[in-house]
Amino acid sequence: GPSIRSGPEFCPRINSTIHDSPEILVSAGLPKSVRVKVDNIAQFIAQTRFVCQFNIEGRVTSVTANLLSDTIYCDELDFTYTSRAPNITATFAVIWGQSKPLDNPENIHVLIYRCQEMADNCGMCLSLDEKYQC
């Protein structure tokens, strides 16, 4: 129905990551719990079940998620991939009410990486971006 608050900025959405980057870094093979800030979560949405969905190399994995105030906490997941690439990007969605994804205007995604594949030698290792903590 008609609402005073209209427009995409009022849609229930993933707002940002904890570090304000659209990229969530995950070291391959380590269990990690992903958290994101969310916005415009109406009461009726907040009462439904939340799921975090990750698409890794075309494989969709879902884990239970919990909403606490303005943050979605996804259950831990082992992020692994089979390709030889040093890193891959996995898409990420928060689903509510069985099948409805929250908007993701910032295109927040997961970057899964392998330290040992990203650097063949000490020099390369030392020149890696600090964000990887390799």
> Is any side-chain heavy atom of V60 closer than 4.5 Å to a side-chain heavy atom of Q53?
Replying inline: yes
> Looking at side-chain heavy atoms only, is the closest gap between P22 and N107 below 4.5 Å?
Replying inline: no
>> To check you understand the geometry: which heavy-atom pair defines the closest contact between S33 and C74, and what is its length?
In response: OG-O, 2.7 Å
>> Please report the interatomic distance CD1(I56) to OG1(T89), rounded to the nearest 0.5 Å.
In response: 11.5 Å
> Under 4.5 Å between side-chain heavy atoms, hopping through other hydrophobics if needed: is there a path connecting I95 to Y73?
Replying inline: no
> Counting distance only, does the side-chain N/O of D103 pair as donor-acceptor with the main-chain N or O of P105 below 3.5 Å?
Replying inline: no
>> Are more than 12 heavy atoms, taken from residues, nucleotides or ligands other than Q98, located less than 6.0 Å from that residue's CD atom?
In response: no
> Given a cutoff of under 4.5 Å between side-chain heavy atoms of I, L, V, M, F, W and Y, with clusters grown through shared members, what are the other residues clustered with Y132?
Replying inline: L25, L111, Y113, M118, L128
> Do the non-hydrogen side-chain atoms of F50 and I45 ever get within less than 4.5 Å of each other?
Replying inline: yes
>> Please give me the minimum heavy-atom distance between N15 and E106, naming the atom from each residue.
In response: O-CG, 3.7 Å
> Under a 4.5 Å side-chain heavy-atom rule over Ile, Leu, Val, Met, Phe, Trp and Tyr, are V38 and F44 clustered together?
Replying inline: yes
> How long is the gap from CG on D78 to CG on L30, to the nearest 0.5 Å?
Replying inline: 7.5 Å
> Roughly how far apart are L77 CG and K32 NZ, rounded to 0.5 Å?
Replying inline: 12.0 Å
> Is there a donor-acceptor contact under 3.5 Å from the side chain of T17 to the main chain of S21?
Replying inline: yes
>> Test of understanding: clusters of I, L, V, M, F, W, Y form through side-chain heavy atoms closer than 4.5 Å, transitively. Do Y81 and V110 belong to the same one?
In response: yes
> When you take the SG atom of each Cys, C115 and C134, is the space between them under 2.5 Å?
Replying inline: yes
> Could you state the interatomic distance from CG (L67) to OG1 (T48), rounded to the nearest 0.5 Å?
Replying inline: 9.0 Å
> Can you tell me how far NE2 of H109 sits from CD of E23, rounded to the nearest 0.5 angstrom?
Replying inline: 4.5 Å
>> Within the structure provided, determine whether I88 and S83 are in side-chain contact (heavy-atom separation under 4.5 Å).
In response: yes
> Can you find a heavy atom in the side chain of F92 that is under 4.5 Å from one in the side chain of V36?
Replying inline: yes
> What's the spacing between N66 CG and R35 CZ if we round to 0.5 Å?
Replying inline: 13.5 Å
> Would you say the side chain of L102 lies within less than 4.5 Å of the side chain of I41, judging by non-hydrogen atoms?
Replying inline: yes
> Is it true that a side-chain atom of N40 and a backbone atom of C11 form a donor plus acceptor pair closer than 3.5 Å?
Replying inline: yes
>> List the residues meeting side chain to side chain contact (heavy atoms under 4.5 Å, CB included) with T64, not counting sequence neighbours, and say none if there are none.
In response: R49, D75
> Going through the distances and angles, do F79 and V34 end up as a side chain to side chain contact (heavy atoms under 4.5 Å, CB included)?
Replying inline: CA-CA 11 Å; F79 289 89; V34 169; 4.0 Å; yes
